[in-house]
**Q** 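Have a look at this one before I ask anything.
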There are 4 protein chains.
Amino acid sequence: MSHAESRPPSCGSIRGRPRSKAVGQAILEAVMKLFEDGVPLADLSVERIARTAGVGKAAIYRRWSDKEDLFVDVIRAAEPAERELPGRSMRGDLVVLLESLRQRTLASRSSAILHNAHTQMRSSPKIWAAYHAGVITPRRDLGLKVLRRGRLNGELRQDVDLELAIDMLVGPLLIRSFIRHDPDLPDGLPEQIVDVVLHGLRPVSSPRN
Amino acid sequence: MSHAESRPPSCGSIRGRPRSKAVGQAILEAVMKLFEDGVPLADLSVERIARTAGVGKAAIYRRWSDKEDLFVDVIRAAEPAERELPGRSMRGDLVVLLESLRQRTLASRSSAILHNAHTQMRSSPKIWAAYHAGVITPRRDLGLKVLRRGRLNGELRQDVDLELAIDMLVGPLLIRSFIRHDPDLPDGLPEQIVDVVLHGLRPVSSPRN
Amino acid sequence: MSHAESRPPSCGSIRGRPRSKAVGQAILEAVMKLFEDGVPLADLSVERIARTAGVGKAAIYRRWSDKEDLFVDVIRAAEPAERELPGRSMRGDLVVLLESLRQRTLASRSSAILHNAHTQMRSSPKIWAAYHAGVITPRRDLGLKVLRRGRLNGELRQDVDLELAIDMLVGPLLIRSFIRHDPDLPDGLPEQIVDVVLHGLRPVSSPRN
Amino acid sequence: MSHAESRPPSCGSIRGRPRSKAVGQAILEAVMKLFEDGVPLADLSVERIARTAGVGKAAIYRRWSDKEDLFVDVIRAAEPAERELPGRSMRGDLVVLLESLRQRTLASRSSAILHNAHTQMRSSPKIWAAYHAGVITPRRDLGLKVLRRGRLNGELRQDVDLELAIDMLVGPLLIRSFIRHDPDLPDGLPEQIVDVVLHGLRPVSSPRN
DNA sequence: GCCTAACCGAGACGGTACGTCACGTCTTTTA
DNA sequence: TAAAAGACGTGACGTACCGTCTCGGTTAGGC
């Protein structure tokens with residue numbers, strides 16, 4: 001999974017002392033701990049990470065080319081596994097997907113890490129691209145698949161722009177957690193969002209246009 | 001507007017050489033130019049800004065307490081004035097509001113600055129709070145006012161959660177521009193979003209639940 | 001004298017804050033102090049020098065390209081001025097020259113610095129060359145001048161190899177101080193050496209060959 | 001000879017694979033090669049030595065406690081055996097001793113090693129002491145013995161300071177080779193030095209004082 | 001002919017120092 | 001007194017080497 005624990009591609013040989021998994025883990029844990037402790041990103045120096053992990057700086061640079069590269073793995077490690085989709089209805093699947101996103105951005109530990117690492121990555125185009133390709137796009141594609149099936153099943157209108165639909169589902173959640181830093185993502189929020197996207201907010205008797 | 005061009009409050013005297021407006025302007029322009037040129041945020045040192053502006057570092061620190069403080073003014077300077085709302089219908093006003101946001105995040109110059117400065121601010125809680133209070137909240141409040149009026153007028157159901165509604169309107173646009181870095185925000189997008197939020201995506205004949 | 005206190009040649013301008021002489025002096029003093037305190041050369045890190053001098057590392061690297069370059073100036077600063085030669089007789093001048101050398105390698109402060117810096121320079125061909133050209137050669141030339149005048153005056157045989165003669169005068173002193181680390185350079189040593197070089201050690205009645 | 005090839009005293013057992021002599025030799029050869037190639041001492045890292053020798057770092061540290069310890073053995077290995085003294089006359093023996101020293105400091109291979117290792121040792125008091133006791137002092141004592149015998153035989157004056165005499169013989173040669181880096185040590189140089197020390201440089205008719 | 005301890009090359013380990021760069025402040029000359 | 005210039009102390013950067021430790025694999029005895 002993580003690209004850091006393996007040896008560099010130039011090193012075809014498997015000779016020499018293998019890298020300690022404990023060290024790699026300690027580094028990731030140290031970054032997460034510092035994130036959780038609310039250490040400002042600007043104060044998150046490699047030297048401090050090494051000190052916190054009880055590790056030499058070289059052990060970090062042996063695994064990651066630089067600080068940005070490390071943060072990608074931290075955020076990957078903090079990402080929980082995607083949960084199974086029930087697949088009974090489009091609505092149900094969408095609720096599960098949003099609930100999964102809500103949990104991720106809500107849960108105390110993962111949340112602090114995600115917020116900080118996310119922020120950090122945004123200032124590094126190269127890392128952002130990697131994160132985008134590795135984390136965001138796969139999830140988006142999963143959502144698109146669910147929507148496409150729902151359109152076939154008649155749960156959506158045939159002319160629906162799926163790209164717009166997925167943004168309308170995900171946008172509100174991300175706005176709340178990342179832009180507004182709102183810790184209050186109520187339990188039923190995913191269902192509410194899905195229902196608004198499906199049914200709209202106009203009065204029930206209101207005619208279409 | 002900007003708090004930087006005036007003298008500090010401790011400086012009661014107006015004697016001595018007055019501050020050159022050209023210098024202050026040159027600094028702001030230099031930051032914007034560097035943002036536009038796609039300089040990574042990590043490479044945006046004060047020394048480079050001073051070099052680009054043809055200005056001494058002290059001239060910057062005389063006006064802003066630190067780099068973060070400077071960026072607040074840059075983003076403020078880059079924010080275009082809010083346009084007038086026609087006020088004829090909730091739907092129309094919402095489209096105008098979203099169109100305004102779309103323009104801001106779309107336009108080449110402002111966009112690059114916004115994206116970069118936005119990113120920068122996210123890593124600085126203090127600055128983010130200032131930006132939040134000064135830019136985001138007023139606009140959000142404006143949107144809430146429009147929605148509230150629409151609810152009174154019967155353009156929205158009475159039980160609508162306005163906070164959720166505003167996020168559902170704004171979220172998709174911000175997702176596209178800030179998260180997905182999608183430069184393709186088509187002309188009719190604001191209208192589409194508003195319509196989805198009002199009418200939903202389910203088939204027309206589909207019953208509510 | 002020292003090439004370090006002046007600005008780099010590329011910097012034609014005299015604008016900006018000038019380098020503080022006190023800082024440059026504090027750095028040299030710090031190195032000398034550490035030498036005197038018997039700090040092993042291997043422990044003489046730039047960071048420690050900066051700490052001792054109460055100075056930033058950058059202030060050192062602004063003046064000297066690296067540690068070796070610094071040591072050249074330290075040894076130069078430690079070299080006392082050459083004393084005046086009476087010029088009455090070759091023998092008298094030689095004694096004065098050797099006495100001067102003895103004082104330099106004997107005196108507590110200068111000695112510790114000389115020994116350490118000397119040693120350090122020996123491991124750096126580039127720096128050794130600079131020291132050789134700037135310190136050793138001028139003194140050697142002074143000695144050669146004295147010898148040449150003595151040869152003209154009949155104080156030396158006409159066929160004397162002056163290069164050999166100078167080495168025979170200087171060699172014993174340097175052997176004692178630098179190779180054997182003998183702190184005991186007795187008062188009359190220069191006179192003894194000069195007399196051996198002039199008169200030899202064979203019994204007085206012994207015939208030449 | 002070298003204390004490095006034997007197992008540590010704590011290792012009473014002789015079981016297990018014995019140390020390869022070829023490895024120990026390759027390490028010494030690698031250091032000598034690097035010295036010969038003019039590699040600056042500062043660049044002579046243990047890792048580079050191991051790389052050059054095609055050997056693991058542990059193989060070095062298994063034999064020598066540290067880099068200094070290794071250099072002692074290198075210089076010992078580079079020292080040629082002392083030659084036999086004819087013993088017919090003090091003058092003849094002194095010439096042989098000096099000629100031996102001249103050869104050692106002149107010969108290309110040994111010379112480069114000697115110069116470099118010598119320099120290195122000078123910066124390490126502990127190693128310098130070992131070299132002093134093991135190499136310099138025995139030779140010096142040999143020279144003193146020759147001089148003492150010469151004084152008894154009437155080849156020297158009875159009041160001659162032998163310590164001074166030995167320094168006057170050895171000093172000029174070391175000055176030339178180690179301080180001045182003069183590769184030009186002419187054939188007859190030892191004889192010239194001995195003659196100056198015996199007969200002096202004053203004109204033949206010049207009276208004593 | 002095994003067994004096994006100590007060797008071997010390779011390279012990771014926690015450290016320390018390197019020389020560079022940017023921070024925000026301070027000090028000079030010039031206008 | 002503000003301006004540009006640039007030195008100041010501080011501290012993180014990423015690199016290299018220190019001396020130690022740990023891999024899988026090799027090479028000799030002693031059984």
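Below, chain A is the first sequence line, B the second, and so on; all start at residue 1. These numbers come from a predicted model, not from an experiment.
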**Q** D:R19 side chain: which of E:dC8, E:dC23, F:dG19 is closest?
**A** E:dC8

**Q** Heavy atoms only: give me the nearest C:D69-C:W64 pair and the separation to one decimal.
**A** O-CD1, 3.5 Å

**Q** Quick one: which of E:dC13, F:dC18, F:dA3 gets closest to the side chain of B:R62?
**A**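 Closest nucleotide to the B:R62 side chain: F:dA3.
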
**Q** On DNA chain E, compare the nucleotides closest to C:D43 and D:A59; which residue's is nearer the 5' end?
**A**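 The residue whose closest nucleotide sits nearer the 5' end is D:A59.
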
**Q** Under 3.5 Å, is there an N or O donor on one side and an acceptor on the other linking the side chain of A:R17 and the base of F:dC23?
**A** no

**Q** Using whole Å, report how far CD of D:E68 lies from C1' of F:dG19.
**A** 13 Å

**Q** Quickly work out the C:I49 CD1 to F:dT10 C1' distance and round it to whole Å.
**A**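 About 18 Å, once rounded to whole Å.
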
**Q** Is the side chain of D:R48 donor-acceptor paired with the backbone N or O of D:L34 at a distance under 3.5 Å, no angle test?
**A**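 No.
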
**Q** Any donor-acceptor pair, under 3.5 Å, between the side chain of A:K57 and the base of E:dG15, if you only look at N and O atoms?
**A** no

**Q** In whole Å, I'd like the distance from the CD1 atom of D:I60 to the P atom of E:dC7.
**A** 15 Å

**Q** Mind listing the closest non-hydrogen atom pair of C:F71 and C:V31 along with its distance?
**A** CE2-CG1, 3.7 Å

**Q** Rounded off to whole Å, could you give me the NZ-to-C1' distance for the D:K67 and E:dT16 pair?
**A**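 In whole Å, E:dT16 C1' lies 14 Å from D:K67 NZ.
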
**Q** Which nucleotide, E:dG9, E:dG19, E:dC13, lies nearest any side-chain atom of C:V46?
**A**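 Closest of the options to the side chain of C:V46: E:dG19.
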
**Q** Could you check whether any side-chain N or O of D:D43 sits under 3.5 Å from a backbone N or O of D:V39, counting only pairs where one atom can act as donor and the other as acceptor?
**A** no

**Q** If I compare all heavy atoms of B:Y61 with all of B:D66, which pair ends up nearest, and what's the gap?
**A**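 Scanning both residues completely, I find the closest heavy atoms to be CE2-CA, 4.1 Å.
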
**Q** Return the value, rounded to whole Å, for the distance between atom CG of A:D69 and atom P of F:dC13.
**A** 15 Å

**Q** If I take atom CG in residue B:L44 and atom C1' in nucleotide E:dA22, what distance separates them, rounded to the nearest angstrom?
**A**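 So the CG-C1' distance, B:L44 to E:dA22, works out to 13 Å.
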
**Q** Name the residue closer to the 5' end of DNA chain F, choosing between A:Y61 and B:A58 according to the nucleotide with the nearest heavy atom.
**A**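 Closest to the 5' end, via its nearest nucleotide, is B:A58.
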
**Q** Rounding to an integer number of Å, can you tell me how far A:D66 CG sits from F:dA12 C1'?
**A** 14 Å

**Q** Toward the 5' end of DNA chain F, which comes first, A:E47 or B:A53, by nearest nucleotide?
**A**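 The answer here is B:A53.
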
**Q** Quick check against the 3.5 Å criterion: does B:R63 have a side-chain atom that pairs as donor or acceptor with the backbone of B:L70?
**A**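 No; zero donor-acceptor contacts below 3.5 Å.
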
**Q** Polar atom pairs between nucleotides 29-31 of chain F and protein, under 3.5 Å, N or O only, would you list them?
**A**
none

**Q** How close or far is atom C1' of E:dA6 from atom CZ of D:R63, stated in whole angstroms?
**A** 12 Å

**Q** Could you pull out the closest heavy-atom pair between C:S45 and C:K67, with the gap in Å?
**A**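 Of all heavy-atom pairs spanning C:S45 and C:K67, the closest is CA-NZ, 4.5 Å.
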
**Q** On a heavy-atom basis, which atom in D:L44 and which in D:F35 lie closest, and how many Å separate them?
**A** CD1-CE2, 3.2 Å

**Q** Which angle, to the nearest 10 degrees, lies between the helix axes at the two ends of the helix from E:dG1-F:dC31 to E:dA31-F:dT1, each defined by five pairs?
**A** 20°

**Q** Minimum heavy-atom separation for D:A26 and D:A53, please, with both atom names.
**A** O-CB, 3.6 Å

**Q** Which is more 5' along DNA chain E, the nucleotide nearest A:V23 or the one nearest C:S45? Just name the residue.
**A** A:V23

**Q** Got a donor-acceptor contact below 3.5 angstrom from the D:R19 side chain to the D:A59 backbone?
**A** no

